[in-house]
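Hydrogens, waters and symmetry mates are skipped; everything else that's a heavy atom, side chains included, is used. If you're wondering where the values come from, they're calculated on a predicted model, not measured in any experiment.
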Amino acid sequence: MQSANAFLGTIVLGALLVGCGGRYATSEDLLSLPTRPPSPVDADSLLASQGEASDPVDLEGAIALVLGHNPELRAAAEQVLATDAGRVQTHAWDNPELLVDLEGIGGDRRGFRQTEVTVALGMPVDVFGKRGTRIRVAEAEVEATRARFVETRRQLVAQTRLAFHKVLAAQELLRISMDRFRATEETAVATARQVDAGKVPPLHQIRAEVAREAARSRVESARALVQAARLELASLWGAADASVKGSLRSTTPQIDRSSLADLLLASNPRLLEALWIAERQRRHRDRISRERMPDVTPALGVRWLTESGHQDFVAGVAIGLPILDRKAAAMTAAERTHAASLAKVEAIRRELLAELTLVLQRLDEATTRFQAYVSEIVPRAQEALDLARTGYEGGKFGYLELLDAQNTFIDVESGRADALIALDQALTRLEGLFDHAMDETMPLDSPNKRKTP
């Protein structure tokens, strides 16, 4: 009876060891990513309905619609959960081995009367920490997948910012086109009065009307551009159309540029993913090194002698002999892969710094250009057009002088709009790098900090 109890206790102990695994990730675990992304990740309701935006939306509303209805983000979230389930699996212990040995069956031993029955339970023992290395590799994989999720979210937000401001830019171009049409309409009306009074030949009226119709055509083209930009924005959350509210930025906020590079390298999820991939490869190399050690499986059981009814304990150990496979090639592959991942980290660092430098350079150029238009070029062109129009109506200037001043003003207004759009786009791309708006109320040293391996 004591031996039977001992045998049962061995089985229970093995079962308890098998059950000592990690827990599965919950929704709260997923939301506690390095950047704490606020988007929902419920697989059953994330895409239950298409996003609608019948009323005009601002930038934050557009971002919320995209994050709530984008299938790419859902796929990234599901991949995090799948990878985390794999991490949980690595916490499980190896299964025990049940050995049943029958000796002396049949023959001159009269069936089972003189048979020796041995029942033993073997449990692999992690002497060299192989299980721990598997867990650490899986944990690094989870962190890399989480960073990939955050990068997917950042790219979606940056894409939404660009699409939203593209609509604003198209609306600004439409406004400029309508101003141009009104200017040509005023000139056409003034020319018609001059023709009726016999002061100018009818040819001038024909030229003015041709310019007006050309401006009308540009208005229609601008309207089509606005509609296309709205459709592009609405497609990000699955709607048929989207109207926006807001305006292009015409001022550059005060930015502490001395810390931008360090902040970008510390907060960019793409670089974070590359760092975790490199860390995963390093841990994989350590895992391969430990797997070169032999496996050890001790066993404990009970043996019965059926003829005498005698019972006793048996114990043994099985040790693997790593002779034929020393995993030399696997170690070389792991070292090379780790070196490649480190090179990838450096490549991403350089790419991010180069992109930041280019965006800041474009921001400076657009700011200088726009300020020149606002402070000098546009006022002077407007003044020249007003003088030309007044002089033309009073008979002091001819039609060619008025037409030249009008065309100059139209070109200047178009240049001012281009400078404004370039300034707004540069700010938008800069915000996309850091995943937050660049305004004076946002401290640049505290957005979405991520831990590094």
Apply side chain to side chain contact (heavy atoms under 4.5 Å, CB included) to Arg131 and His91, showing your working.
CA-CA 7 Å; Arg131 175 174 171 270; His91 285 76; 4.0 Å; yes
Check for a donor-acceptor pair, side chain of Ser289 on one end and backbone N or O of Arg285 on the other, with a separation under 3.5 Å.
no
CD1/Ile277 to NE2/His284 distance, rounded to the nearest 0.5 angstrom?
14.0 Å
Using 0.5 Å steps for rounding, measure from the CG atom of Leu363 to the CG atom of Leu423.
6.5 Å
Show, in sequence, the C-alpha distance, side-chain angles and deciding distance for Phe149 and Leu73, and conclude whether the side chain to side chain contact (heavy atoms under 4.5 Å, CB included) test is met.
CA-CA 7 Å; Phe149 169 83; Leu73 187 63; 3.6 Å; yes
With distance as the sole test, does Thr332 use its side chain to make a donor-acceptor pair with the main-chain N or O of Ala328 at under 3.5 Å?
yes
Roughly how far, to the nearest 0.5 Å, is CD of Gln281 from CH2 of Trp276?
13.5 Å
Are any of the side-chain nitrogens in Glu143 or Arg146 under 4.0 Å away from the carboxylate oxygens of its partner?
yes
Between Asp58 and Lys245 (salt bridge meaning N to carboxylate O under 4.0 Å), is one present in this structure?
no
Got a salt bridge between Glu365 and Arg362, using NZ or NE/NH1/NH2 to carboxylate O under 4.0 Å?
no
So do Val167 and Glu232 actually touch side chain to side chain, heavy atoms under 4.5 Å?
no
For Asp126 versus Gly129, what's the shortest heavy-atom pair and its separation?
OD1-N, 3.1 Å
When rounded to the nearest 0.5 Å, the distance separating CG of Leu275 from CZ of Arg270 is 12.0 Å
Does a side-chain N-to-carboxylate-O contact under 4.0 Å join Asp286 and Arg290?
yes
Check whether any side-chain heavy atom of Ile63 lies under 4.5 Å from a side-chain heavy atom of Leu156, and answer yes or no.
no
Give the minimum heavy-atom separation between Ala163 and Leu236, together with the two atoms involved.
CB-CD1, 4.0 Å
Side chains of Gln155 and Gln159: is there a donor and an acceptor less than 3.5 Å apart?
no
For the OG1 atom of Thr160 and the CG atom of Asn70, what is their distance to the nearest 0.5 Å?
8.0 Å
Do Ser414 and Arg180 have side-chain N/O donor and acceptor atoms under 3.5 Å apart?
yes
Give the minimum heavy-atom separation between Pro96 and Pro124, together with the two atoms involved.
CA-CD, 4.5 Å
Would the distance check show the side chain of Arg154 and the main-chain N or O of Phe434 forming a donor-acceptor pair, the cut-off being under 3.5 Å?
no
Kindly give the heavy-atom pair with the smallest separation between Pro294 and Gly320, and that separation in Å.
CB-O, 2.9 Å
Minimum side-chain heavy-atom gap Glu139-Val142 below 4.5 Å
no
Between Glu220 and Arg216, is the closest basic N to carboxylate O distance under 4.0 Å?
no
Which heavy atom in Leu420 sits nearest to a heavy atom in Arg249, and how many Å separate them?
CD1-O, 3.3 Å
Salt bridge present between Arg136 and Glu279 (N-O < 4.0 angstrom):
no
Report, as yes or no, whether the 6.0 Å neighbourhood of atom CZ on Arg182 holds more than 12 heavy atoms from other residues, nucleotides or ligands.
yes
Minimal heavy-atom distance between Leu427 and Pro253, with the atoms involved, is CD2-CD, 3.8 Å
Can you tell whether the side chains of Glu151 and Arg148 come within less than 4.0 Å, N to carboxylate O?
no
Could you check whether any side-chain heavy atom of Asp241 comes within less than 4.5 Å of a side-chain heavy atom of Gln227, counting everything from C-beta outward?
yes
May I ask you to say whether Lys130 pairs ionically with Asp94, meaning some side-chain N is under 4.0 Å from a carboxylate O?
no
How far apart are the C-alpha atoms of Ile176 and Ile410, what are their side-chain angles, what is the distance that settles it, and do they pass the side chain to side chain contact (heavy atoms under 4.5 Å, CB included) test?
CA-CA 8 Å; Ile176 296 298; Ile410 290 174; over 6 Å; no
Arg292 (side chain) donor-acceptor with Arg326 (main chain) under 3.5 angstrom:
yes
Between Leu173 and Ile421, is a side chain to side chain contact (heavy atoms under 4.5 Å, CB included) present by the stated rule, with each step listed?
CA-CA 9 Å; Leu173 293 177; Ile421 292 172; 3.8 Å; yes
Distance check, rounded to the nearest 0.5 Å: Leu260 atom CG versus Leu353 atom CG?
11.0 Å
